[in-house]
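First comes the structure, then the notes that go with it.
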Number of protein chains: 2
Amino acid sequence: MLTSPTSEALAAFLDEQLRLGGALLQVVGECEVLYSGRAASVAEAGDYLVLVKPDGSVQVQGPRGVKPVNWQPQTDSIAVGLEEGVAVLTAERFTPAELVRVAFDHPALALAIELDENGNFVLMGSEAEMQRALARNPEVIEPGLQLLEMELPTDVGGIDLLARDAAGRLVVVELKRSKATHEAVHQLSRYVESVRAVVGDCEVRGVLAAPAVTAPALNRLGALGLEFREVTALPDLDEAPQQPGLFG
Amino acid sequence: MLTSPTSEALAAFLDEQLRLGGALLQVVGECEVLYSGRAASVAEAGDYLVLVKPDGSVQVQGPRGVKPVNWQPQTDSIAVGLEEGVAVLTAERFTPAELVRVAFDHPALALAIELDENGNFVLMGSEAEMQRALARNPEVIEPGLQLLEMELPTDVGGIDLLARDAAGRLVVVELKRSKATHEAVHQLSRYVESVRAVVGDCEVRGVLAAPAVTAPALNRLGALGLEFREVTALPDLDEAPQQPGLFG
DNA sequence: ACATGAATATTGGAT
DNA sequence: ATCCAATTTTCATGT
């Protein structure tokens, strides 16, 4: 870590860290940023926070908003140099061709941080979690619904939930955690066909359960005689009692 | 700035800085992040860089990519507290209702940075700019073209440029700053139809003006009797003469 | 490599 | 507060 480094010290520090790799680099201070590629932009001299990640992605964060002022998703080439006494970072990408140049006019702080990548698994409110929640309480999908199977294997994949409705019909339920697309409809359709082929004597319904559905998917559902059910089965974290061990 | 602070020290530090406002806050270390709102996600314990900006926006950056692992664009309420010996940041937004909670299990570093907002002017090459440039000089699109309207509203949306060609025909121009897709063709097609419906007695051409076009889009254009015109209205910063005082 | 589609898209402006 | 449109969208996926 360096505080108020000279341009030479900053350039040497960044150069060494870039060669080493593996660290998240950070420079705070007054800089000018230039982007040229899919569009073109120039950020005049101002205070910014510049982040350079181990994968070569660069982002220049200003004082407001989540979106960086300038950025580069991933870079094929990244280098630092001295130009007329100023440390300059150049990050380039080839496809599409674009370039970000950051000139550190008055660096106030430079940091190299090791971010352990181990165990950084992000679990989105997962489909599995949603499946368990709905399995515990199938009536959320439809009153009178009784669960028969979870993750039932078929020749075309696994059925999320298989249930029986109040009228005794089989119900194939396909779950999506986020907005359901025509892919989900296609999947559900195949499952329903597969089940119908096995139990020809029983009426079989298909239900797509998701928090939302795209318009084309809804159209296709209707055309195939399938149904959509809006479910938001994710645990309501605002109102749910705190889990011991998680956040305290 | 704090290094390896205790949870109590971290909570006190963040609380004070949040009350003061104006600073960009940063915490590096092992934490758990929970998001609930438009979707739901949990990031398991791992090393992250957490940024809290003066406008209340929160982002949790992992070791890769420009996009944060978890984030919140702006917050109506932000607070820090101690829960069972762990400093916890809670950032809430009301519309849409969403919540981010960050539990700092093992903080390694906490920083408060002053980012001066003065003079952070950013010049972009945007579609609006491209539109103005072409409006000033329509001959770039086609010799003899005369501008009639900009952003002309129709029942199916706004026409970027409406012009008259050398032969007196109306020309509907659809602009795209980047590679035009079939979406742009569809849009142009609707505009042309809309204009033809209004002025049945005058021939109407449709021109898609963009720096590039996808192959399917070009095919569709041809099938619909529309035209493509390559324009590169963005300022080319690579070839432009260097400004003295800017990057050397 | 390219095209296509989804996303907690974000953001700014108009209504 | 909603809706609409632009964005260097980014990112993942299929071809």
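Proteins come first, then strands; the chains are lettered A, B, ... in the order of their sequence lines, and each starts at number 1. What you see below is based on every heavy atom in this structure, not just the backbone, and it leaves out hydrogens, waters and symmetry mates.
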Seminar exercise, completed: Of D:dT7, C:dT4, D:dC11, the nucleotide closest to the side chain of A:P73 is D:dC11
For this session: Can you establish whether the number of heavy atoms outside A:R64 located under 6.0 Å from its atom CZ is more than 12?
Result: no
Exercise. Rounded to the Å, how far apart are B:Q74 CD and C:dA9 P?
Worked result: 16 Å
Seminar exercise, completed: Ranking D:dT7, C:dT4, C:dT8 by distance to the side chain of A:K67, first place goes to D:dT7
Problem set entry | Closest to the B:N70 side chain, choosing from C:dT8, C:dT10, C:dT4 | C:dT8
For this session: Round to the nearest Å and state the distance from A:Q72 atom CD to D:dT10 atom P.
Result: 9 Å
For this session: Would you indicate what A:P96 reaches in the nucleic acid, counting non-hydrogen atoms under 4.0 angstrom: base, sugar-phosphate, or nothing?
Result: nothing
Exercise. Taking the side chain of A:T95 as its heavy atoms from C-beta onward, which of C:dG12, C:dA1, C:dT4 lies nearest to it?
Worked result: C:dA1
For this session: Taking atom P in both D:dT7 and C:dA7, compute the distance separating them and give it to the nearest angstrom.
Result: 22 Å
Exercise. Are B:W71 and C:dT10 close enough that a side-chain N or O sits under 4.0 Å from OP1 or OP2?
Worked result: yes
Problem set entry | B:V66 side-chain proximity, nearest of D:dT8, C:dT10, D:dC11 | D:dC11
For this session: Provide, to the nearest angstrom, the distance between the CG atom belonging to A:L51 and the P atom belonging to D:dT10.
Result: 16 Å
Exercise. Quantified in whole Å, what is the C1' atom distance between nucleotide C:dT10 and nucleotide C:dA6?
Worked result: 15 Å
Problem set entry | Between A:K53 and B:Q61, a side-chain donor and acceptor under 3.5 Å | yes
For this session: Using distance alone, with no hydrogens and no angle criterion, decide if B:E98 and B:Y35 have a side-chain donor and acceptor under 3.5 Å apart.
Result: yes
Exercise. Between C:dT11 atom P and B:Q59 atom CD, what is the distance in whole Å?
Worked result: 9 Å
Seminar exercise, completed: B:R38 has its side chain closest, among C:dG5, D:dT8, C:dT10, to C:dT10
For this session: May I ask you to check whether A:Q26 and B:Q26 show a side-chain donor-acceptor distance below 3.5 Å?
Result: yes
Seminar exercise, completed: Regarding the side chain of B:K176, the nearest nucleotide among D:dA1, D:dT9, D:dA6 is D:dA6
